[in-house]
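Model, not experiment: these values are computed from the prediction.
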Amino acid sequence: MAKFELKLPKMGESVAEATITNWLKEVGDKIEADEAVLEIATDKVDSEVPSEVSGILVERLFGKDDLVQVGQTIAIIETEGGEMVSVVKEAATPEAVAEVTKTVDAAKDSVATPADFSDSDKFYSPLVKNIASAEGVSVAELEQVNGTGKDGRVTKNDILEYVKNRGSQVAAPSKTVEAPIAEPAPVAKVPTAQKVAPISVNGGDEIIEMDRMRKLISGYMVASVQTSAHVQSFIEVDVTNIVKWREKNKNAFEKREGEKLTYTPIFMEAVAKALKDFPGLNISVDGDYIIKKKNINLGMAASLPNGNLIVPVIKNADQLNLVGMAKAVNDLGGRAKAGKLKPDDTQGGTYTVTNVGTFGSVFGTPILNQPQVGILALGAIRKVPAVIETPEGDFIGIRQKMFLSHSYDHRVVDGALGGGFVKRVAEYLEAFDVNRDL
């Protein structure tokens, strides 16, 4: 028998680490090649890590909620034949893992009532909590441990080192805790420290904790509103020609290309053209500096089955013809719903489009996807009575119309630019050639 080290794979140029969200296999379970072993999450995408070999899972080097660097060994799989692959330097050593496992096992046997971490504002992984409970480290004491992980997070090595040297530091926590209590008045006066009015909960109410992605979305949305000066422009567009053209060509398109032909790629094509005409919308803001983006990378907001939202990106959208755009839209949309997006699929966007019309909304006021400065909402297409101008005079007719809602950052985009851009998108859509070839 030989052993194989399962490492956290490279997930994109901009991704250096991921959080383990769930182990799909227990120690002792049989694993087939390409079978998912665990689920991980970056700040954008959730994905699975498959095994490269068949065998038995004999060791898990990290626990749920642990942060793992790309290239680190996360599990050991026992296989038939072959040689053991050397563990990367950053990975936990077998000795360290054995020490942690021993400590955790001791915690299970010795701790009848685990410490209550609900009053702590800091995040601690289950492994750190178990070690703290096993060693009798109180929550208040644990909060004084200097973490070396991301954002100051306490890692298993930090808590083990603290426990090892605890003998000479027993008195330290009480002194440290007293410091902030000495002057409580200034803290109470800070507005951000005030809690909102408590929410009344009765016996029939259900309390549900947000999942990880919803927490991230919540943080992004609040931060965006606090960062940018949002302002909106609206314009109504006659898309009758587009509706007629799609109805005439959608079956032939699907038969020839093997792809569904929706309205989205047509709208994306118009947005990409307009961004070339108005490069002042294809920028981002960094403090007092404006960064003009070379490429036009269109974000496409997509709703997930669980109700969450994700924004995959069509790279170099201005270089795609309608067929290429349709394939890109269908590919990203399909993989988003199936949970198969890669981290790079959501990186590098320079402008975002969201289709609120999918849910029947006529128009909307979307929040900017930072650090972008513009986002366009596509409203529902409706049949409406409209005045039609002809050489013989005006008359009332039934037309297919929709609203475009453009949100932009008033710090760097004024009304002339923001309104001019959405007007140009409308012009491209209304000028769509009903006789256009596929």
Side-chain angles (χ1 to χ4, degrees), residues 1-42 44-109 125-131 134 148-150 153-161 163-164 212 335 338-345:
M1 302 294 286
K3 293 182 178 180
F4 174 82
E5 294 185 353
L6 179 65
K7 295 177 171 26
L8 183 66
K10 187 175 179 61
M11 297 170 288
E13 294 298 328
S14 59
V15 180
E17 60 190 15
T19 300
I20 295 176
T21 56
N22 186 35
W23 280 95
L24 303 176
K25 296 292 182 179
E26 300 292 335
V27 172
D29 285 354
K30 181 174 177 57
I31 300 171
E32 300 295 336
D34 295 327
E35 185 177 7
V37 179
L38 68 157
E39 295 174 340
I40 59 172
T42 67
K44 292 285 187 181
V45 176
D46 294 351
S47 58
E48 298 176 340
V49 177
S51 173
E52 301 173 43
V53 298
S54 298
I56 304 295
L57 180 63
V58 295
E59 198 168 8
R60 301 193 313 197
L61 303 184
F62 293 91
K64 182 179 178 181
D65 296 328
D66 281 353
L67 194 66
V68 186
Q69 303 297 314
V70 169
Q72 277 192 285
T73 301
I74 49 183
I76 304 296
I77 299 173
E78 194 171 72
T79 66
E80 294 284 349
E83 297 180 355
M84 176 69 172
V85 182
S86 60
V87 179
V88 294
K89 293 182 180 180
E90 296 83 8
T93 63
E95 292 78 13
V97 175
E99 183 179 358
V100 173
T101 304
K102 181 179 179 182
T103 306
V104 174
D105 290 340
K108 293 179 181 177
D109 297 334
S125 70
L127 188 59
V128 170
K129 292 179 183 178
N130 284 335
I131 296 174
T148 59
K150 184 180 180 182
R153 180 183 297 180
V154 176
T155 66
K156 63 179 182 296
N157 291 331
D158 296 330
I159 183 64
L160 289 174
E161 184 67 21
V163 170
K164 179 180 179 182
R212 186 196 65 85
R335 287 196 287 121
K340 300 297 184 182
L341 287 176
K342 300 176 182 178
D344 271 355
D345 291 329

>> Within the 4.5 Å heavy-atom criterion, are Leu8 and Ile40 side-chain neighbours or not?
In response: yes
> So how far is it from Ile31 CD1 to Phe4 CZ, rounded to the nearest 0.5 Å?
Replying inline: 10.5 Å
>> Contact between Val37 and Ile74 at the side-chain level, heavy atoms closer than 4.5 Å - yes or no?
In response: no
> Looking only at heavy atoms, what is the nearest atom pair of Arg335 and Asp345, with distance?
Replying inline: NH1-OD2, 2.6 Å
> Tell me, do Ile76 and Glu5 make a side-chain contact under 4.5 Å, heavy atoms counted?
Replying inline: yes
> With sequence neighbours excluded, what pairs up with Glu52 under the salt bridge (Lys or Arg N to Asp or Glu O under 4.0 Å) test?
Replying inline: none
> If you take all heavy atoms of Trp23 and Ala75, which pair is closest and at what distance?
Replying inline: CH2-CB, 3.9 Å
> Sequence neighbours excluded, which residues qualify as side chain to side chain donor-acceptor pair (under 3.5 Å) partners of Glu161?
Replying inline: Asn165
> Between Leu6 and Ser51, what is the shortest heavy-atom contact and its length?
Replying inline: CD1-CA, 4.2 Å
> Taking atom OG1 of Thr73 and atom CZ of Phe62, what is their separation to the nearest 0.5 Å?
Replying inline: 8.0 Å
> Who are the side chain to side chain donor-acceptor pair (under 3.5 Å) partners of Glu48, not counting sequence neighbours?
Replying inline: none
> Which atom names give the shortest non-hydrogen contact between Val49 and Lys7, and what distance separates them?
Replying inline: CG1-O, 4.4 Å
>> Whether the side chain of Ser54 engages the backbone of Ala33 through a donor-acceptor N/O pair (distance < 3.5 Å, no angle test) should be reported.
In response: yes
>> Quick check: do Glu35 and Lys25 have side-chain heavy atoms less than 4.5 Å from each other?
In response: yes
> Stepwise, does the side chain to side chain contact (heavy atoms under 4.5 Å, CB included) test hold for Arg60 with Glu26?
Replying inline: CA-CA 8 Å; Arg60 301 193 313 197; Glu26 300 292 335; 3.5 Å; yes
> Hey, what do you get for OG1 (Thr19) to NZ (Lys64), rounding to the nearest 0.5 Å?
Replying inline: 12.0 Å
